[in-house]
Amino acid sequence: MPASLVMLLALAPFAEAPSGDAVVRGKAGKSEIVVTTTRRLAGAVHSLTWDGVEFIDSADHGRQLQSAAAFDCGKPGFHAECFNPTEAGSRHDGAGDTSTSRLVWQRAGGNELSTITRMAFWLRPGEKSDGKPALNAAARSDHFVSKRVAVGYKTWPHAVDYRVTFRVPPGEPHTYAQFEALTGYMPPAFSKFHTLNVTTGELTELSDGPGEQARPVVFATADGKHAMGVWSPDQPSKGYERAGYGRFRFAAEKVVKWNCVFRVKEPKGVPAGESAFRMIVAVGTTDDVRTTLSEIAREK
């Protein structure tokens with residue numbers, strides 16, 4: 001981030017309210033990677049295109065390229081959606097034109113954008129998910145997420161350098177935190193799931209799961225002409241070495257999803273403050289993605 005999240009939050013009330021609408025881009029091979037954010041989603045990434053193909057299925061306020069977090073509130077029986085600050089908005093927002101999340105700061109130009117968002121809770125008070133009640137007492141949380149997204153990284157034009165910082169407020173009694181630092185909901189045409197061995201550059205077919213495993217994931221079309229993958233130098237979380245990269249296929253909803261997840265378990269209480277994570281998202285052909293992620297992971 002260009003400055004600390006705390007500093008930017010202090011300055012935000014004095015800045016003009018951002019629109020949320022922005023487009024940044026960078027040349028990548030035969031095309032450009034184009035990243036679009038919108039007012040509708042409080043500045044979350046609504047679209048990512050390359051070679052004339054849309055990589056994001058932005059149907060409601062959950063299916064984006066976005067960040068979220070989930071907490072247990074010190075209660076047994078953790079359920080990810082019951083206390084779930086979400087960047088783009090809430091379940092109640094549906095496919096509507098507004099978001100319960102609030103964008104408080106944004107800057108965009110050239111190949112880079114940065115935002116700060118006060119996140120909505122996915123559930124409103126009184127709502128349930130899989131029979132489990134919301135644990136939040138308000139529609140909008142006191143949790144903030146900031147992101148810096150740069151299209152292109154050093155000599156790798158097919159890389160999107162994606163950095164996220166969560167700010168957990170003081171006074172909340174959590175013993176477990178689950179940071180979905182980044183998730184990508186993609187059209188069903190990205191039907192081939194792979195894991196990537198970044199040391200050898202080898203791709204291995206991955207089952208539908210659903211769930212997480214330890215290696216970076218790559219989703220591709222059947223012909224390999226379009227693919228997206230994610231790798232993080234911050235993986236794995238301590239105590240969760242066999243997890244971190246998830247994959248999911250929702251056949252009825254006609255969407256597929258990957259994520260990059262970090263966890264903190266602290267019986268004495270998850271500390272308030274900032275938790276920062278960095279991801280590299282690669283976009284291009286399957287070979288572009290494989291090569292980009294492997295080379296960056298081996299970067300000295």
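Annotation: F179 is not in aromatic contact with F262 [ring centroid separation under 6.0 Å not met]. Between F83 and H174, a ring centre-to-centre spacing shorter than 6.0 Å is recorded. For W122 and H61, the gap between ring centers reaches or exceeds 6.0 Å.
Between F248 and G211, the closest heavy-atom pair is CE2-N, 3.7 Å. Between T292 and A159 the shortest heavy-atom distance is CG2-CB, 3.8 Å. Across G89 and S99, no two heavy atoms sit closer than the pair CA-OG, 3.4 Å. Closest approach of H158 and G29 over heavy atoms only: NE2-N, 3.8 Å. The two residues Q213 and L206 make their nearest non-hydrogen contact at CG-CD1, 4.2 Å. Heavy atoms only, all atoms of each residue included: F219 and K257 are closest at CZ-O, 3.4 Å.
Checking side-chain atoms of N259 against main-chain N and O of G184 turns up no donor-acceptor pair under 3.5 Å. Looking only at distances, a side-chain donor or acceptor of S141 sits under 3.5 Å from a matching main-chain atom of M119. Formation of a donor-acceptor pair under 3.5 Å by the T165 side chain with backbone atoms of K147 is not found in this model. Side-chain atoms of Q66 come within 3.5 Å of backbone N or O of G62 as a donor-acceptor pair. Panel note: side chain E32, backbone G26; no donor-acceptor pair is recorded below 3.5 Å. Side-chain atoms of Q106 come within 3.5 Å of backbone atoms of G20 as a donor-acceptor pair (strictly under, hydrogens ignored). Judged purely by atom type and a 3.5 angstrom limit, N136 has no side-chain atom pairing as donor or acceptor with the backbone of A139. In terms of modelled atom types and a separation under 3.5 Å, the side chain of R247 and the main chain of S207 share a donor-acceptor contact. The main-chain N or O of D288 is found under 3.5 Å from a side-chain atom of T285 such that the two form a donor-acceptor pair. Put simply, the side chain of E299 never gets that close to the backbone of A297: no donor and acceptor are under 3.5 Å apart.
Between V149 and V160 the shortest side-chain heavy-atom distance falls below 4.5 Å. In this structure, the side chains of C260 and Y245 come closer than 4.5 Å at one or more pairs of heavy atoms. The shortest side-chain heavy-atom distance between S294 and L196 falls under the 4.5 Å cut-off.
Using modelled atom types and a 3.5 Å distance limit, the side chains of S67 and E180 yield no donor-acceptor pair. In this structure, a donor-acceptor pair under 3.5 Å is absent between the side chains of D21 and T37. Using modelled atom types and a 3.5 Å distance limit, the side chains of H46 and S58 yield a donor-acceptor pair. Between the side chains of E295 and W156, at least one donor N or O sits under 3.5 Å from an acceptor N or O.
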Please determine whether side chain to side chain contact (heavy atoms under 4.5 Å, CB included) holds for the pair M186 and D57, giving the CA-CA distance in whole Å, both sets of side-chain angles, and the decisive distance to 0.1 Å. CA-CA 5 Å; M186 304 181 69; D57 180 275; 5.8 Å; no
ring-ring contact (aromatic ring centres under 6.0 Å, His included) between F71 and Y176, worked out: CA-CA 6 Å; F71 302 85; Y176 177 77; 8.8 Å; no
Given R298 and V198, is the side chain to side chain contact (heavy atoms under 4.5 Å, CB included) satisfied, shown in steps? CA-CA 7 Å; R298 296 195 298 266; V198 294; 5.6 Å; no
Please evaluate residues H79 and D130 with respect to the criterion side chain to side chain contact (heavy atoms under 4.5 Å, CB included), reporting the C-alpha separation (whole Å), side-chain torsions for both, the decisive distance (0.1 Å), and the verdict. CA-CA 9 Å; H79 189 281; D130 292 333; 3.5 Å; yes
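Under a 4.0 Å N-O distance rule, the pair R278/D234 does not qualify as a salt bridge. The pair K132-E81 does not meet the salt-bridge criterion, since no charged nitrogen lies less than 4.0 angstrom from a carboxylate oxygen. Residues R263 and E212 are paired through a salt bridge, judged by an N-O separation under 4.0 Å between the basic side chain and the carboxylate. Salt-bridge check for K30 with D51: passed, with a basic side-chain N closer than 4.0 Å to an acidic carboxylate O. For D287 and R290, the salt-bridge test passes: some basic side-chain N is under 4.0 Å from an acidic carboxylate O. Using a 4.0 Å cut-off between a side-chain N of Lys or Arg and a carboxylate O of Asp or Glu, R91 and E127 qualify as a salt bridge. For D208 and R249, the salt-bridge test passes: some basic side-chain N is under 4.0 Å from an acidic carboxylate O. Taking 4.0 Å as the cut-off between side-chain N and carboxylate O, D161 and R163 count as a salt-bridged pair.
The distance from the OG1 atom of T183 to the CG atom of L65 is 8.0 Å, given to the nearest 0.5 Å. Note that OG1 of T115 and CH2 of W105 are 8.0 Å apart. Values are rounded to the nearest 0.5 Å. If you take CD1 on I280 and OG on S232, they are separated by 9.0 Å, rounding to the nearest 0.5 Å.
Just one residue in the list E172, E87, R118, R167 forms a side-chain hydrogen bond (donor to acceptor under 3.5 Å, both in side chains) with H143, and that residue is E172.
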